[in-house]
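Basis for what follows: all heavy atoms, side chains included, without hydrogens, waters or symmetry-related copies. Predicted model only: the values in this text are computed from it and were never measured.
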Amino acid sequence: MKKRVIDLPVLSSGVSLVDTHCHLDMEAFKGDLEELLQRATSNKVEHIVTIGIDLQSSLHAAELAAAYQNISATVGIHPHDVDAVTTATYDKIGEIADTYSDYIVGYGEIGLDYVKEYSHADNQRLHFANQLALAKELRLPVVVHDREAHDDTLRILRQAGTSDFGGVMHCFSGDCQFAEKVLELGFYISIPGVVTFKNALDLQEVARTIPLERMLIETDGPFLSPHPLRGKRNEPVNVLYTADFIARLRDMSLDEVARQTTANAEKLFKLRQN
């Protein structure tokens, strides 16, 4: 028996959403990028932040942002890849940020990942701190990856003094107690499609209770598609499913969630200035 696919939720006239974290440079999007961007725009997902995770993807993200008015980009080195980072790597990231300064809105995806630990934990901590310093120098908000590294992530963020330009805890994976500590830093919390999964009870409680003024919504495409598309390629238009689920959790309208989270994204990433 086929699963029924739920129709895309519909936003009212004048209301739009932002996908604040997607990896549009990845191979999964090579064949139909134009079509998926059109699907997003047609359904009022009117801006996408595409995320750099290494030198190549940071450059590609910047090039995409320069080519498409509804895309902005970030630059940075993912914790999986920091074992190979050198001084030259930082020089090149700074060069990309300078060359494409009109299109770069954040620094990341950076942080700590103690689950896969593709890079040594000591190197992850060192380069997380180094990249936070570079982000501060570039005056960019940070996009933080944190998997099973809550204490060290908070400690390094506090030491870095990130409050000047702020940031977001991407693909939030903690509970309400951790969320409170993240909010105390002045950060936003980004809710992925995982919130729609039946077993995501902690994340659902976070999405239900944190101030809406501090929430962002993301796909993390091509990964982590929300219900009813779980297991399929994720793409920007699918933030509608996530936003609608959050609206029902909070007993408010989809339009309310969209208006506020879009305003939040515009504020953090200064999107209307790009």
- Task: Give a yes or no on whether Q177 atom CD has more than 12 heavy-atom contacts from other residues, nucleotides or ligands under 6.0 Å away.
- Result: no
- Query: Between F172 and F178, does the ring centroid distance fall short of 6.0 Å?
  - Reply: yes
- Is it true that F245 and Y241 fall in one hydrophobic cluster, defined by side-chain heavy atoms closer than 4.5 Å? yes
- Message: Strictly by ring pair (Phe, Tyr, Trp, His ring centres under 6.0 Å), give each pair with a member in residues 119-144 just once, sequence neighbours left out.
- Response: Y90-H127
- Is there a salt bridge (Lys or Arg N to Asp or Glu O under 4.0 Å) between R139 and E137 once you walk through the steps? CA-CA 5 Å; R139 305 174 69 85; E137 182 181 324; over 6 Å; no
- Report yes or no: does T196 contribute a side-chain atom to a donor-acceptor pair with the main-chain N or O of T242 at less than 3.5 Å? no
- Task: Please lay out, stage by stage, how D32 and R39 fare under the test salt bridge (Lys or Arg N to Asp or Glu O under 4.0 Å).
- Result: CA-CA 11 Å; D32 63 343; R39 271 194 297 279; 3.7 Å; yes
- Task: Tell me whether V237 is reachable from V10 by hopping between hydrophobic residues (I, L, V, M, F, W, Y) whose side-chain heavy atoms are closer than 4.5 Å.
- Result: no
- Query: So, S58 side chain and L55 main chain: donor-acceptor pair closer than 3.5 Å or not?
  - Reply: no
- The reported gap from CD in E46 to OG1 in T41 (rounded to nearest 0.5 angstrom) is 7.0 Å
- Side-chain heavy-atom pair T87, D91 within 4.5 angstrom cut-off: yes
- How long is the span from the CD atom in Q260 to the CD1 atom in I217, to the nearest 0.5 Å? 10.5 Å
- Task: Considering non-hydrogen atoms only, spot the tightest contact between A179 and I189 and give its length.
- Result: CB-CD1, 3.6 Å
Scan the side chains in residues 200-210 for donor-acceptor partners under 3.5 Å anywhere in the protein, sequence neighbours excluded, and list what turns up.
from	atom 1	to	atom 2	distance (Å)
Q204	NE2	V195	O	3.1
Q204	NE2	F197	O	2.9
E205	OE1	R208	NE	3.1
E205	OE1	R208	NH2	3.4
E205	OE2	R208	NH2	2.6
T209	OG1	E205	O	2.7

- Might you confirm whether atom CG of D251 has over 12 heavy atoms from other residues, nucleotides or ligands at distances under 6.0 Å? no
- Query: Within the distance-only criterion (no hydrogens, no angle test), does the side chain of T219 pair as donor or acceptor with the backbone N or O of P236 below 3.5 angstrom?
  - Reply: no
- Message: Under a 4.0 Å threshold between the charged nitrogen and the carboxylate oxygen, would D151 count as salt-bridged to R155?
- Response: no
- State the CD-OG1 distance between E256 and T261, to the nearest 0.5 angstrom. 11.5 Å
- Item | Whether H80 and H145 hold their rings parallel, tilted or perpendicular, with breakpoints at 30° and 60° | perpendicular
- Task: List the steps, then state whether side-chain contact (heavy atoms from CB on, under 4.5 Å) holds for H47 with S72.
- Result: CA-CA 8 Å; H47 207 91; S72 296; 2.7 Å; yes
- Task: State, with a plain yes or no, whether a side-chain heavy atom of N238 is found less than 4.5 Å away from one of L229.
- Result: yes
- Message: Would you say that F223 contacts M26 through its side chain, given a criterion of any heavy-atom pair below 4.5 Å between the two side chains?
- Response: yes
